[in-house]
Amino acid sequence: MSIGLLVRCSRELLDLELGRDVQRAFALYAEELLAWNERMNLTAITDPEAIAMRHFLDSLSVKLAVSFSPGMRVIDVGTGAGFPGLPLRLVFPSIELTLLEATTKKTLFLEHITKRLGLSNVRILNARAEEAGQDPTTREKFDLAVARAVAPMPVLAEYLLPFCRVGGRCVALKGEHAAAEVQTAENALRILGGRLIKIIPVELPLVVETHHLVVIEKVAATPPQYPRRPGIPSKRPL
Ligand code: SAM
């Protein structure tokens, strides 16, 4: 993995200084990701520079939308192999991170990688967002809910907003067409208690398309009937 590139871009783009231990952790993460990827489909991105930019730096770009504070409760919904949650936890070790993932075999990788990285206090939940969003132990318990590449905005709003406390925020990592996607989610945001704050463009080195961070504030409690049963948000988006 191109650790030098990650270090330089983190500094120049995000004003983040990655110390030696953190650099070693990212290198190990990339190594394990590729090793497990031989056996299960975790990522289509296998080029070392692309892993550094498209997985690690892209995940860390959430820093442009959020000031991370000690004890901040963060949930990454549909985290897959840990993106964007785990890179954020490596760089901001004092956050309380929960990784939510519906696919059991991916949570096996998450169990493995968090152990290898010595991140024993990262919570891994093998569940669907629709179920965990109705569970009193996780509903409205987070300061920040993040997600990348999980669902279109109206569906994602129904996955993310139930996890946030009122006053908390959701950040969706989106591609080129973020603004158009957000327009389609106006109704969902209104129903679920969300309000669009801003859309931040992110230009990543070696990545042609512009990425966007969609920042949503939770301004009112989510009505109890949301999220609806598993599969319904994507079948019948609000
Ligand atoms: N966020 C990761 C990333 O950017 O690399 C993974 C993206 S992958 C395309 C989408 C992931 O979201 C899959 O691992 C899938 O199992 C998970 N997912 C999709 N719908 C979900 C739901 N309703 N609840 C929990 N996880 C879900």
Side-chain angles (χ1 to χ4, degrees), residues 1 26 29-30 32-34 36-37 39-47 50-62 65 74-90 97-114 122-135 137-139 142 144-164 170-176 178 181 185 188 192 202 204 207 209 211-214 222 226-238:
M1 208 264 303
F26 275 114
Y29 192 173
E32 294 287 340
L33 181 67
L34 289 176
W36 278 60
N37 208 39
R39 285 181 276 142
M40 65 168 73
N41 183 21
L42 286 173
T43 178
I45 297 168
T46 53
D47 170 72
I51 291 181
M53 295 297 99
R54 287 188 174 270
H55 280 325
F56 296 157
L57 191 70
D58 193 34
S59 296
L60 295 178
S61 74
V62 174
V74 180
I75 185 165
D76 180 7
V77 175
T79 187
F83 306 115
L86 269 185
L88 289 168
R89 175 60 179 72
L90 286 175
L97 179 65
T98 298
L99 299 172
L100 179 81
E101 172 52 50
T103 307
T104 305
K105 63 178 187 164
K106 292 187 182 176
T107 59
L108 295 180
F109 173 72
L110 295 171
E111 300 280 359
H112 169 77
I113 191 65
T114 48
V122 168
R123 186 159 56 138
I124 298 160
L125 291 181
N126 183 197
R128 289 191 62 111
E130 298 94 314
E131 296 157 341
Q134 287 292 0
D135 184 328
T137 63
T138 37
R139 185 179 173 89
F142 295 90
L144 175 68
V146 293
R148 184 182 79 158
V150 174
M153 208 55 224
V155 181
L156 195 60
E158 190 167 346
Y159 291 166
L160 292 182
L161 277 161
F163 289 113
C164 271
C170 302
V171 175
L173 289 78
K174 287 288 180 186
E176 278 187 297
E181 256 200 67
L192 299 164
V202 182
L204 299 171
V207 177
E209 72 279 7
H211 289 191
H212 292 89
L213 301 169
V214 176
T222 299
Y226 302 106
R228 292 165 290 168
R229 283 182 292 113
I232 303 295
S234 58
K235 208 176 290 168
R236 285 193 272 118
L238 292 171

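Counting starts at 1 for both ligands and their atoms, in listed order.
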Table please: side-chain donor-acceptor pairs of residues 102-110 below 3.5 Å, with sequence neighbours left out.
unit_1 : atom_1 : unit_2 : atom_2 : d
Thr103 : OG1    : Glu101 : OE2    : 3.2
Thr104 : OG1    : Asn126 : OD1    : 2.9
Thr107 : OG1    : Thr104 : O      : 2.5

Please produce the table of protein N or O atoms sitting under 3.5 Å from N or O atoms belonging to ligand 1, one pair a line, distance to 0.1 Å.
unit_1   : atom_1 : unit_2 : atom_2 : d
ligand 1 : 1 (N)  : Gly78  : O      : 2.8
ligand 1 : 1 (N)  : Phe83  : O      : 2.8
ligand 1 : 1 (N)  : Arg148 : O      : 2.8
ligand 1 : 4 (O)  : Arg148 : O      : 3.3
ligand 1 : 4 (O)  : Arg148 : NE     : 2.6
ligand 1 : 4 (O)  : Arg148 : NH2    : 3.3
ligand 1 : 5 (O)  : Arg148 : NH2    : 3.1
ligand 1 : 14 (O) : Glu101 : OE1    : 2.8
ligand 1 : 14 (O) : Glu101 : OE2    : 3.0
ligand 1 : 14 (O) : Lys106 : NZ     : 2.9
ligand 1 : 16 (O) : Glu101 : OE2    : 2.6
ligand 1 : 16 (O) : Thr103 : OG1    : 3.0
ligand 1 : 23 (N) : Glu130 : OE1    : 3.0
ligand 1 : 24 (N) : Ala129 : N      : 2.8
ligand 1 : 26 (N) : Ala102 : N      : 3.4

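Ion pair Arg128/Glu158 not flagged as a salt bridge, since none of the NZ, NE, NH1 or NH2 atoms sits closer than 4.0 Å to an Asp/Glu carboxylate oxygen.
Using modelled atom types, one finds no donor on one side chain facing an acceptor on the other under 3.5 Å when comparing Ser61 with His211.
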Side chain to side chain contact (heavy atoms under 4.5 Å, CB included) evaluation trace for Phe163 with Leu100: CA-CA 11 Å; Phe163 289 113; Leu100 179 81; 3.9 Å; yes
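Using cut-offs of 30° and 60° for the angle between ring planes, the Phe56 and Tyr29 rings count as tilted.
To the nearest 0.5 Å, atom CD1 of residue Ile51 and atom CZ of residue Phe83 are 7.5 Å apart.
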